Number of protein chains: 2
Amino acid sequence: MRLYTIGQVAAMFHLPISTLRYYDKEGLFPNLERRAGIRRFSQQDLKALQVIECLKKTGLEIKDIKQFMQWCTEGASTYAQRHALFARQRAVVEAEIEHMQRILNMVRYKCWYYETAMCEGHEERLRNLSPADMPQEIRQAYERAHMLTPEDTLDTSDFANNGALEASASDEKLGEC
Amino acid sequence: MRLYTIGQVAAMFHLPISTLRYYDKEGLFPNLERRAGIRRFSQQDLKALQVIECLKKTGLEIKDIKQFMQWCTEGASTYAQRHALFARQRAVVEAEIEHMQRILNMVRYKCWYYETAMCEGHEERLRNLSPADMPQEIRQAYERAHMLTPEDTLDTSDFANNGALEASASDEKLGEC
DNA sequence: CATTGACCTAAAGTCAGGTTCAGGTGTTAT
DNA sequence: ATAACACCTGAACCTGACTTTAGGTCAATG
């Protein structure tokens, strides 16, 4: 069975050697062999590394990956745990995507805002615009961006009550969200 | 014009005081007033803070936000820069969402894999499954998860050429991606 | 025999976006 | 007058996933 040095593995996977040593130190290669102190990567370790790369993409942390590796060495008795790990991760990723969608709508709105400001040369009209006056597409983006979720509610009620909208005496204004 | 202490602003925005001091130190309140060393937040500063919260959601870094604040104080001459900032950010967020979609597909596949493993009590059948044998929905997830993009290509060609698929002598195997 | 090159270690450094701490000032309430 | 409270500062600390550094072993090559 062929064995590889750390340098060979680094080249194969286009990873820095330091990263492999770090993974090893973190316990991601439970059965890594050594001879005279030098790491010798087996086929099994290469497969483990493939799995590590894959799990990293799913957004799992190193310590979760280590746990997963441990479970894998324990066989069929840990299917339920492994399934739970991914089920949890699925929820995390789904939430994250939804969050990013809202952010995208916010950014889209901002793009439109400054495009328009550039065309008109000023923000006067823009500043007094209500969503109803915006182009359909932008209004939708704006509204989707401002749908409140528990996670990122921006409660400025006190602020508003204290007169947020009174004309400020400042010469320069900031674009609103 | 009403002025607020740092504690009042923190309460209004549900932010820790330390965060506001940090933002100030980073230059996010260019015109923040002080009396006897004590910060006094004006309406303008509260608006700035609203904008900061908003821009943070768009994924911008503190230093970009600082830059944006600076541009805002420079008036209409910086519309183009501000637009460019958001246009760039839009591309970033769009790419990130696409990336997350692929990750989600990977996680979905993993969920299915372990659900099935739990049902069957082992991975024998699963391990030899080709995409064609998977349920329609899972096959799609699997295939979408494995579409290669420049960003996260996993080039294991050398590895494969060196016999990655030779049966490993290890007693325990790891689930593949 | 000296240098290069591949490997090893422990420990410190890096990045962002804060948070915490130790120590100090100033105003108000008892 | 002394305690409580809100504010201030600079500096250290935090997380995660690495990377870098400093110093050391060992084998082959000129």
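Just so we're on the same page: letters track the sequence lines, and every chain starts at 1. A quick note: this is a predicted structure, and the numbers were derived from the prediction, not measured. Scope of the values below: all heavy atoms of this structure, side chains included, with no hydrogens, waters or symmetry mates.
Remark: the backbone N or O of A:E123 is paired with a side-chain donor or acceptor of B:Y79 at under 3.5 angstrom. The backbone N or O of A:I62 lies less than 3.5 Å from no partner atom in the side chain of A:E26, so there is not a single donor-acceptor pair. Under the 3.5 Å distance criterion, the side-chain polar atoms of B:D133 are matched with a main-chain donor or acceptor of B:S130.
For A:R35, there are no salt bridge (Lys or Arg N to Asp or Glu O under 4.0 Å) partners two or more places apart in sequence or in a different chain. Remark: B:F41 engages B:F29 in a ring pair (Phe, Tyr, Trp, His ring centres under 6.0 Å) (not counting sequence neighbours). With sequence neighbours excluded, no residue satisfies side chain to side chain donor-acceptor pair (under 3.5 Å) with A:E96.
A salt bridge does not link B:E98 with B:R144: none of the charged nitrogens is closer than 4.0 Å to a carboxylate oxygen. The existence of a salt bridge linking A:R34 and A:D24 is confirmed by a sub-4.0 Å separation between a basic side-chain nitrogen and an acidic carboxylate oxygen.
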Exercise for the section: For nucleotides 8-25 of chain C, just jot down a letter per nucleotide in 5' to 3' order: B, S or -, based on protein non-hydrogen atoms under 4.0 Å. Expected result: BB-------BBSB-----
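For the helix from C:dC1-D:dG30 to C:dT30-D:dA1, the terminal axes (five pairs an end, C1' atoms, rotation from four pairs onto the next four) enclose an angle of 40°, given to 10 degrees.
When DNA chain D is scanned 5' to 3' for any atom under 4.0 Å from a heavy atom of chain B, the first and last hits are D:dC7 to D:dT9.
A centroid separation of less than 6.0 Å is found between the aromatic rings of B:F68 and B:F86.
Within 6.0 Å of the CD atom in A:E137, the count of heavy atoms belonging to other residues, nucleotides or ligands does not exceed 12.
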